[in-house]
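Structure record follows, encoded as structure tokens.
Residue numbers start at 1 and run along the sequence shown. Just so you know, these numbers come straight off a predicted model, no measurement behind them.
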Amino acid sequence: MKLEVFADDEATALAAAKQTAAEASAAVAARGSFVMAVSGGRTPWIMLRALAKEDLPWKNMHIVQVDERVASAGHPDRNLTHLRESLLSSPILPEQIHAMPVESANLEDATRQYDTVLRDLAGSPPTLDLVHLGLGPDGHTASLVPGDPVLNVTDTDAALTGIYQGRRRMTLTYPAINRARKILWLVTGSEKVGTLIRLQKGDPSIPAGRVSQDRAVVFSDRAAASQLAV
């Protein structure tokens, strides 16, 4: 796992946007399309607003979700709400943003539906070009949270969690994440210091520590990386 450290969260997000733009251009040149999975959070939204200003092959790009809260359309708790707002200034079309179907009356069926979406976009089994991940102080990433049975799901690429911070979630599973061509972690804030150390060591006792490090890079601010061996 590579580590790059930047001055603050905004600088981290802007560097991540540049990295994502480079990955997108390279993927489209090599394979004709770019499929990336995006997590929620303040830093990713800054990254996406910066990415929206880049001159990219937007018509060949698709965005899927790393995870999503079960909530109504347009709800401020929904990652999708902020994702769409962040990309408003880009030329990407609404149908190129593939929402997790968390409004479905049957959420189990909805996860299978999202599996199909992933296969249609990224092959069988789906190989995403880039997955953006965040890191919680409790060691969670995506909605792979400590103690949840979703950590042991290996037969689907999308799955449901139990209730976490007041809501159920839909999330990509480890197989979907670990299959990706590139994993880009965005980790900012002093509250992440201890957890980032554990991530760097590949500590399997936290959910984030079970994500493959082979093709991963961490973009961190100085606050989060203050005690890391860089």
>> R119: which residues meet the side chain to side chain contact (heavy atoms under 4.5 Å, CB included) condition with it, sequence neighbours left out?
In response: D115, T116, S124, P126

> Does a donor on one side chain and an acceptor on the other come within less than 3.5 Å for T161 and S143?
Replying inline: no

>> If hydrophobic clusters are built from ILVMFWY residues whose side chains come within less than 4.5 Å, do L14 and V5 share one?
In response: no

> What is the minimum heavy-atom distance between G147 and L151, and which atoms define it?
Replying inline: N-CD1, 3.9 Å

> Are the side chain of D221 and the backbone of G189 linked by a donor-acceptor contact shorter than 3.5 Å?
Replying inline: yes

>> Taking the basic N atoms (NZ, or NE/NH1/NH2) and the acidic carboxylate oxygens, is any pair closer than 4.0 Å for D77 and R69?
In response: no

> With a cut-off of 6.0 Å (strictly less than), are more than 12 heavy atoms of other residues, nucleotides or ligands near CG of D55?
Replying inline: no

>> With rounding to the nearest 0.5 angstrom, report the OG to CG distance, S39 to L133.
In response: 5.0 Å

>> Q213 vs K2, test: side chain to side chain contact (heavy atoms under 4.5 Å, CB included). Steps then yes/no.
In response: CA-CA 8 Å; Q213 297 195 1; K2 297 179 181 178; over 6 Å; no

>> Regarding K18 and E54, does a basic nitrogen lie under 4.0 Å from an acidic carboxylate oxygen?
In response: yes

>> So which atom in S220 and which in A224 form the shortest heavy-atom distance, rounded to 0.1 Å?
In response: OG-CB, 3.5 Å

> Hey, does the side chain of K192 reach the backbone of L135 with a donor-acceptor pair shorter than 3.5 angstrom?
Replying inline: yes

>> Test of understanding: with side chain to side chain contact (heavy atoms under 4.5 Å, CB included), list the residues that count as partners of S190, not counting sequence neighbours.
In response: A223

>> Run the side chain to side chain contact (heavy atoms under 4.5 Å, CB included) test on M100 and L172 for me, step by step, so that the C-alpha distance in whole Å, both residues' side-chain angles and the decisive distance to 0.1 Å come before the verdict.
In response: CA-CA 10 Å; M100 284 182 160; L172 296 185; 4.0 Å; yes

> Does any pair with a residue in residues 163-208 pass ring-ring contact (aromatic ring centres under 6.0 Å, His included), and if so which ones, sequence neighbours excluded?
Replying inline: H140-Y164

> Is any side-chain heavy atom of I183 less than 4.5 Å from a side-chain heavy atom of V211?
Replying inline: yes

> Can you hop from L3 to M1 via hydrophobic side chains spaced under 4.5 Å?
Replying inline: yes

> Which atom pair, heavy atoms only, marks the closest approach of N178 to S212?
Replying inline: OD1-N, 2.7 Å

>> Could you walk me through whether D9 and R42 satisfy the salt bridge (Lys or Arg N to Asp or Glu O under 4.0 Å) test, starting with their C-alpha distance in whole Å, then the side-chain angles of each, then the deciding distance to 0.1 Å, before giving a yes or no?
In response: CA-CA 9 Å; D9 58 351; R42 179 178 179 275; 2.2 Å; yes

> So R167 and H75, side chain to side chain contact (heavy atoms under 4.5 Å, CB included) or not? Walk me through it.
Replying inline: CA-CA 13 Å; R167 290 194 183 275; H75 196 287; 3.3 Å; yes

> Taking R181 for the side chain and T127 for the main chain, is one N or O donor matched with an acceptor at less than 3.5 Å?
Replying inline: yes

> Distance-only, no hydrogens or angles: does the T195 side chain make a donor-acceptor pair with backbone N or O of G139 under 3.5 Å?
Replying inline: no

>> Which heavy atom of A24 sits nearest to which heavy atom of P57, and what is that distance?
In response: O-CG, 4.5 Å

>> Assess the residue pair E108 and L160 against the criterion (side chain to side chain contact (heavy atoms under 4.5 Å, CB included)); give the C-alpha distance rounded to whole Å, side-chain angles, the decisive distance to 0.1 Å, and a yes or no.
In response: CA-CA 7 Å; E108 294 291 347; L160 295 170; 3.8 Å; yes

> Side chains of S205 and R198: is there a donor and an acceptor less than 3.5 Å apart?
Replying inline: yes

>> Has T141 got a side-chain atom pairing as donor or acceptor with G134's backbone, closer than 3.5 angstrom?
In response: yes

> Is there a path from V193 to I206 through hydrophobic residues (I, L, V, M, F, W, Y) whose side chains come within less than 4.5 Å of each other?
Replying inline: no

> Is R49 close to L88 at the side-chain level, that is, under 4.5 Å between some pair of heavy atoms?
Replying inline: no

> Taking the hydrophobic residues Ile, Leu, Val, Met, Phe, Trp and Tyr, and joining any pair whose side-chain heavy atoms are under 4.5 Å apart, which ones share a cluster with L130?
Replying inline: F6, V28, F34, M36, V38, W45, M47, L48, L51, L56, W58, M61, I63, L80, L83, L87, I92, I97, L184, L186, V217, F219

>> To the closest 0.5 Å, what do you measure between OG1 (T188) and CG (D8)?
In response: 9.5 Å

>> Tell me if a side-chain donor or acceptor on H82 pairs with a main-chain N or O of P76 at a distance below 3.5 Å.
In response: yes

> Mind checking whether V145 and P207 have side chains closer than 4.5 Å, heavy atoms only?
Replying inline: no

> Between A110 and M170, which heavy-atom pair has the shortest distance, and what is it?
Replying inline: CB-CE, 3.9 Å

> How far apart are the closest heavy atoms of V218 and L199, and which atoms are they?
Replying inline: CG2-CD2, 4.4 Å

> For R179, does the CZ atom sit with more than 12 other heavy atoms under 6.0 Å from it, leaving out its own atoms?
Replying inline: yes

>> Taking ring-ring contact (aromatic ring centres under 6.0 Å, His included) as the cut-off, I'd like each qualifying pair that reaches into residues 94-118, sequence neighbours left out, listed once.
In response: H62-H98

> With R78, which residues qualify under salt bridge (Lys or Arg N to Asp or Glu O under 4.0 Å), at least two apart?
Replying inline: E68, E103

> Same hydrophobic cluster for V131 and I46, using side-chain heavy-atom links shorter than 4.5 Å among ILVMFWY?
Replying inline: no

